[in-house]
Colleague: 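Let me give you the structure first, and then I'll get to my questions.
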Amino acid sequence: MNARALFAAVCLIFCGFCRSETVTIIGTNDIHSALDMMPRLQTFVRETKAADPGALLLCAGDTRTGHPACDQYKHPGRPVIDLMNRIGFDAAGLGLHDADGGPTALRDNMRAAHFPFICANALPDTKNVLPLHPYRIFTRKGVRIGVLGLTCVGSGGFPTGRSAALPGITFRNALQVATEYRRLRSECHVLVLLTHQGFDQDRKLAALLPEADLILGGGSLTPVNRIASENGVLIAHTAGRASHATKVSLEVEEGKVVSKKAETISMDLYPPDADLGARVAEYNATPAMQRVVGHNELPMVHREAIGCFETDAIRYATQADIVVQNYGNIRIGMLPAGPITVADVHRIDVYGNDLVELRLRPAELVQMLTALTKADGHGSPCVAGITYKGILDSSFNLIITDIRDLNGKTLDPNKRYRVVTNDYAAAVTPGLPVSSARRLGLRTSDAIFRYLDKVKSINYTDSGRAVIRRQ
């Protein structure tokens, strides 16, 4: 090939082409083991690909954690990977909870996936080799689509609360790493950032890296469907749990994106795929999950009641003075009357965080309650061993106005109380003596099982432990 022909070929690949093409990208995020919704996602993907066979299907992290049949499977997290393989995902980012089963389960699930996991700011050491890629370039209709993966990093240098699950992996600041990959702009016609760091952080990323065409993100504290444009970059998040998908259409002319259109689509509009539904039914029928471990006398119709049950169980199992659990740790809104199964317990303890003990004075306890409310972004914490009152604004700023023990007495300001919480809650509360936290070798589910084995039957109708006035 002579020099002129070589130059023409390079221009065709990297500088674009004369024709116009429309590429379709389907975005999901925070699936969280929502096995029961994935047959509907399968139908949507199949119909979308019937119209555009080259449609690219991406997940912005947190594939697992949220369904006992998946998270307690003999290979933790494997069922959702199986379903994603069958649906035909092209890539997934790395989220906070993908490593909840530990580094071995994460590595095994990555190897079982028929699609790559993408994250540029996670760097495994030689002892913890993961099949992890910083980016991938896909070609659709002659259009080169670069996908760069980024995940959040907390103040401790790990995705928040995940240090124990991710040994041997160094995490760098996502915004800094993103700028180091500006070169991808010259290697592809479309640049997509697949992120797991929350919507606000994605807006900062768009301001910093206008070279990107699209950010498909996840990990927002408050699950919502959001589509926005920032600095010319389209940003899209779904509410997660496979309840919605983002369908993005990009028109590319002469190697450049000239128009962008995105819409959020509810999976409730699509009937479940029969074959994938049958596969989900097999996972849901696991006998061990259906074993009865206790009885609920009256329906729990508020998360506060479930939180009281959960924290009482932890206090019983650990003999703590005080138990604090973040409101967002409770992911079910009600527990019906009747038998309580193993699956029910794991639905309550969906994240499986480890329990830790801290020795805190009342001032530090108040600090934990307020900081945890802000970081969690769902509501004020559930507690056992104390009651408290406070004022909560729309930005989740909590002011504690009163705190007492179960006898109605104010706490001794000089006493260090044995406070048990989960390791996530401890990690997101700045200023606490987290380094001295004692790991108890228990999870919330372990405590609930012990508690139910003792009491057999429970009755929680209303809490009254936290009286919160909202502004």
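Residue numbers count from 1 along this sequence. Atoms considered below: every heavy atom in the structure, side chains included; atoms not considered: hydrogens, waters and symmetry mates.
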Colleague: To the nearest 0.5 Å, what is the distance between CG on L94 and OG1 on T63?
Modeller: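 The distance works out to 9.0 Å.
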Colleague: In chain order, what residues pass the salt bridge (Lys or Arg N to Asp or Glu O under 4.0 Å) check against R111, with sequence neighbours excluded?
Modeller: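 Applying salt bridge (Lys or Arg N to Asp or Glu O under 4.0 Å) to R111 gives none.
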Colleague: Indicate the atoms forming the closest heavy-atom contact of L214 with V233, along with that distance.
Modeller: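 So the minimum-distance heavy-atom pair works out to N-CG1, 4.1 Å.
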Colleague: Taking atom types as modelled and ignoring hydrogens, do the side chains of T264 and N225 form a donor-acceptor contact shorter than 3.5 angstrom?
Modeller: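 No pair is found: no donor N or O on one side chain lies under 3.5 Å from an acceptor on the other.
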Colleague: Are any of the side-chain heavy atoms of Q201 and L175 separated by less than 4.5 Å?
Modeller: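 With C-beta onward as the side chain, the pair touches.
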Colleague: Find out whether the Lys NZ or Arg CZ of R226 is both under 6.0 angstrom from the six-membered ring centre of F199 and within 45° of the ring's axis.
Modeller: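 Yes, R226 and F199 form such a contact.
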Colleague: For V153, does its backbone N or O pair with a side-chain atom of N173 as donor and acceptor, under 3.5 Å?
Modeller: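 No.
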Colleague: Ignoring hydrogens and angles, state whether a donor on the side chain of H237 or D202 is under 3.5 Å from an acceptor on the partner side chain.
Modeller: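 H237 vs D202: donor-acceptor pair found between side chains.
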Colleague: Between H378 and N326, do the side chains contain a donor N or O and an acceptor N or O under 3.5 Å apart?
Modeller: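 No, because no side-chain N or O of N326 sits under 3.5 Å from a partner of the opposite role on H378.
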Colleague: Rounded to the nearest 0.5 Å, how far apart are CG of N296 and CZ of F309?
Modeller: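 Interatomic distance, N296 CG to F309 CZ, rounded to 0.5 Å: 8.0 Å.
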Colleague: Are L56 and V23 packed together at the side-chain level, in the sense that at least one heavy-atom pair is separated by less than 4.5 angstrom?
Modeller: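 Not in contact.
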Colleague: Does some side-chain heavy atom of L96 sit less than 4.5 Å from a side-chain heavy atom of T65?
Modeller: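 Not in contact.
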Colleague: Considering only heavy atoms from C-beta outward, does the side chain of H67 approach that of N284 to under 4.5 Å?
Modeller: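 In short, these two side chains touch, coming nearer than 4.5 Å.
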Colleague: List the residues meeting salt bridge (Lys or Arg N to Asp or Glu O under 4.0 Å) with D90, not counting sequence neighbours, and say none if there are none.
Modeller: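 Only R140 meet the salt bridge (Lys or Arg N to Asp or Glu O under 4.0 Å) criterion with D90.
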Colleague: So do the side chains of E251 and S20 get within less than 4.5 Å of each other, counting heavy atoms only?
Modeller: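 In short, these two side chains touch, coming nearer than 4.5 Å.
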Colleague: Within the 4.5 Å heavy-atom criterion, are V383 and T311 side-chain neighbours or not?
Modeller: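 Counting from C-beta outward, V383 and T311 never come under 4.5 Å.
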Colleague: Check whether the ring centres of F44 and H244 lie less than 6.0 Å apart, and answer yes or no.
Modeller: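 Centroid distance F44-H244: not below 6.0 Å, so no.
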Colleague: Run I31 and F89 through side-chain contact (heavy atoms from CB on, under 4.5 Å) and show every step you take.
Modeller: CA-CA 12 Å; I31 291 175; F89 274 79; 4.1 Å; yes
Colleague: Is there a side-chain contact between T286 and Q72 in this structure, where contact means two heavy atoms from C-beta onward sitting under 4.5 Å apart?
Modeller: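 In short, these two side chains do not touch, never coming nearer than 4.5 Å.
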Colleague: Look at atom CZ of R183 and say whether more than 12 heavy atoms of other residues, nucleotides or ligands are closer to it than 6.0 Å.
Modeller: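 Check passes, neighbour count above 12.
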Colleague: So do the side chains of R64 and D100 get within less than 4.5 Å of each other, counting heavy atoms only?
Modeller: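 Counting from C-beta outward, R64 and D100 do come under 4.5 Å.
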Colleague: Could I get the full list of salt bridge (Lys or Arg N to Asp or Glu O under 4.0 Å) partners for E230, not counting sequence neighbours?
Modeller: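 So E230 forms a salt bridge (Lys or Arg N to Asp or Glu O under 4.0 Å) with R203.
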